[in-house]
Student: 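Quick one: the structure is below, questions incoming.
Worth knowing before you read on, the calculation uses all heavy atoms, side chains too, and leaves out hydrogens, waters and symmetry mates. No experiment lies behind these values; they were computed from the predicted model shown. The chain is numbered in sequence order, starting from 1.
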Amino acid sequence: MAATLTAAMSVGSVSQAETVTLKFDQIDSTAVIMPEIYGQFAEHLGACIYGGLWVGPESPIPNTSGYRNDVLQALKDLKVPVMRWPGGCFADEYHWRDGIGPLKDRPTQVNNNWGGTVEDNSFGTHEFFNLCELLGCEPYLSGNVGSGTVQELAQWVEYITAADGPMARLREANGRKEPWKLKYLGVGNESWGCGGNFTPAYYADVYRRYQTYCRDFSGNRLYKIASGASDYDYKWTDVVMKGAGSKMNGISLHYYTVTGWRGSKGSATEFSPEDYYWTMGKCLEIEPVIEKHIAIMDKRDPKNRVGLMVDEWGTWWDVEPGTNPGHLYQQNTMRDAMVAALSLNVFQRHTSRVKMANIAQVANVLQSMVLTRGDQMVLTPTYYVFKQYIPHQGAVVVPLEVETETMDVRGDRKVDLLQATASRKDGKTAVSLTNVSIDRDMDVELPLGDFKVKTVEGSIITAPTIDSYNDFGKAETVTLKPFKGARIGKGKVTLKLPAKSIVTLIME
């Protein structure tokens, strides 16, 4: 791939070295990066659940009680903090009683939203909550508001969390005596669209009603999340916060790095340098979008009680040739890894409100962690970004300033070519640096001031080309490797940051 910039792009003045200044004297110990920012999303869509996470206990594919061993281990290695399920658009057509009891008695269901697939409901409530226990992560349930009843959602919560009563006895009859813990409950999904096509005022009233009957049982405490806006719909956030903000713990936001919702979205693997830089600009536009929603929340919730949950985000390209258009199966390149890093940086800059983020999706759908084909599994470039960023989970934000070049890209967007985030936990400082440039290495300095660093270790994600990806039956092209290029001396850490790379340094 040629790495020539088009006339639509221009670069600002070049400094001798890009500089990242860590503001250790401005650390706020309450500014904690919630582990849930690294959350995952598993929808009944294509091969995300069936074939991705679940193959059933009778499958010849190695499994533990029906869960693929390879995917299970990969997700354990990521330290997944939270998993959202069963959708997505699927959630508001999902009736939980279809997914409990003996498998032979469970009815089939047509997935009307995603390709008309007929599902056998072999993956239901027990299978999901048992998966979360195996992974050690919090379950995040999306409740059916669009086509379900108040009673249905209320009884689902009771079935999951009550220690006694008719729903608890039904759960025990289905093989689970002890209640599960359920913290995160989404009251509907995309209620402005596939979740019911509600107006914001009407949804606010519906939310107030539904959440009333979703009760806390047996010491369980629900964190109730309202169905929030799609990217630039600030009116939705304002009206719903005004009408129901006092009754919620969180409100969601969906933002996809996508060229548009009509026509071609572009190939996941074949794109020009101009396309790449536009993608970086579109990705980073999530920050002003988040800031505008936060400003509305600050007005309606000045005590900062309600969290912002970016529970769907990531890239959305055309499906791979020859696959079902409704299954949203796409490859995952170094470009997607850059989107992941830049997005996570944004979330970490806004920890005062952003309490969760769930990338779409965990397996075989959109910007996934893993791809599967039969008994084979591929770890994507995005997977390695999440693995590289594990040191930031639960750490305190270290404020920083970045001096770097700025590029103008198509669509009147500006992109800083050096992106960074930093945090501190257990006496160690983690600094993640991303060189957005396709073709230029950067000399980077981290002045330390009075802060003493004795050791620095690092890891790097990069690739031969920005469209490189990992594929079945081939050696990994994009992976996580040790980085030995950082040096300590003269009161600073210096390094050469390769083009199109993401480096995380651990300083102690």
Student: Can you see whether N364 engages T372 through a side-chain donor-acceptor pair at a distance of less than 3.5 angstrom?
Tutor: yes
Student: How would you list all residue pairs meeting side chain to side chain donor-acceptor pair (under 3.5 Å) that involve residues 202-212, not counting sequence neighbours?
Tutor: Q211-K224
Student: Would you check if there is a donor-acceptor pair between the side chains of D336 and T315 at a distance under 3.5 Å?
Tutor: yes
Student: I'd like to know if the side chain of R68 and the backbone of G51 have a donor-acceptor N/O pair within less than 3.5 Å.
Tutor: yes
Student: Are S147 and D92 linked by a side-chain donor-acceptor pair shorter than 3.5 Å?
Tutor: no
Student: In terms of ring plane angle, is the pair W96 and Y159 parallel, tilted or perpendicular, where the classes change at 30° and 60°?
Tutor: tilted
Student: Quick one: do the S459 and Q388 side chains pair a donor with an acceptor below 3.5 Å?
Tutor: yes
Student: Assess, by modelled atom type and distance only, whether the side chains of N111 and E119 contain a donor and an acceptor separated by less than 3.5 Å.
Tutor: yes
Student: With sequence neighbours excluded, give me every disulfide bond (SG atoms under 2.5 Å apart) pair touching residues 153-204.
Tutor: C89-C194
Student: Between E312 and R84, does at least one N-O distance fall below 4.0 Å, as a salt bridge requires?
Tutor: yes
Student: Please check if any side-chain donor atom of E152 sits under 3.5 Å from a side-chain acceptor atom of N144, or the reverse.
Tutor: no
Student: State whether a side-chain donor-acceptor pair under 3.5 Å links N69 with Q73.
Tutor: no
Student: Under 30°, 30 to 60°, or over 60°: which ring-plane class applies to Y184 and Y223, parallel, tilted or perpendicular?
Tutor: perpendicular
Student: With ring pair (Phe, Tyr, Trp, His ring centres under 6.0 Å) as the test, would you mind laying out the steps for H126 and W180 before giving the verdict?
Tutor: CA-CA 10 Å; H126 289 249; W180 291 286; 5.0 Å; yes
Student: Looking at R106 and D120, is there a salt bridge between them, counting it only when a charged N and a carboxylate O are closer than 4.0 Å?
Tutor: no
Student: Name all residues meeting the ring pair (Phe, Tyr, Trp, His ring centres under 6.0 Å) criterion together with Y383; count only those two or more places apart in sequence or in a different chain, and write none if there are none.
Tutor: none
Student: Name all residues meeting the salt bridge (charged side-chain N to carboxylate O under 4.0 Å, His left out) criterion together with E36; count only those two or more places apart in sequence or in a different chain, and write none if there are none.
Tutor: none
Student: Which residue, Y256, Y255, W313, forms the side-chain contact (heavy atoms from CB on, under 4.5 Å) with D231?
Tutor: Y255
Student: Is it true that R176 and E133 have a side-chain N and a carboxylate O under 4.0 angstrom from each other?
Tutor: yes
Student: Would W54 and S122 count as having a side-chain donor-acceptor pair, cut-off 3.5 Å?
Tutor: yes
Student: Which residue is it: T421, D28, I33? I am looking for the one with a side-chain contact (heavy atoms from CB on, under 4.5 Å) to V397.
Tutor: I33
Student: Under 4.0 Å between a side-chain nitrogen and a carboxylate oxygen: does that hold for E158 and R215?
Tutor: no
Student: With sequence neighbours left out, write down each residue that passes ring pair (Phe, Tyr, Trp, His ring centres under 6.0 Å) with H350, or none if nothing qualifies.
Tutor: none
Student: Checking D311 against H254: is there a side-chain donor and acceptor pair closer than 3.5 Å?
Tutor: yes
Student: Evaluate W192 against F198 for ring pair (Phe, Tyr, Trp, His ring centres under 6.0 Å), listing each step before the verdict.
Tutor: CA-CA 5 Å; W192 39 264; F198 295 0; over 10 Å; no
Student: When the ring planes of W156 and W85 are compared, do they come out parallel, tilted or perpendicular, using 30° and 60° as the limits?
Tutor: perpendicular
Student: Kindly say whether V306 contributes a backbone atom to a donor-acceptor pair with the side chain of R353 at under 3.5 angstrom?
Tutor: yes
Student: On the ring face of W317, is R335 found with NZ or CZ under 6.0 Å from the centre and within 45° of the axis?
Tutor: yes
Student: I need the full list of disulfide bond (SG atoms under 2.5 Å apart) pairs touching residues 355-398, with sequence neighbours left out, sorted by first then second residue.
Tutor: none
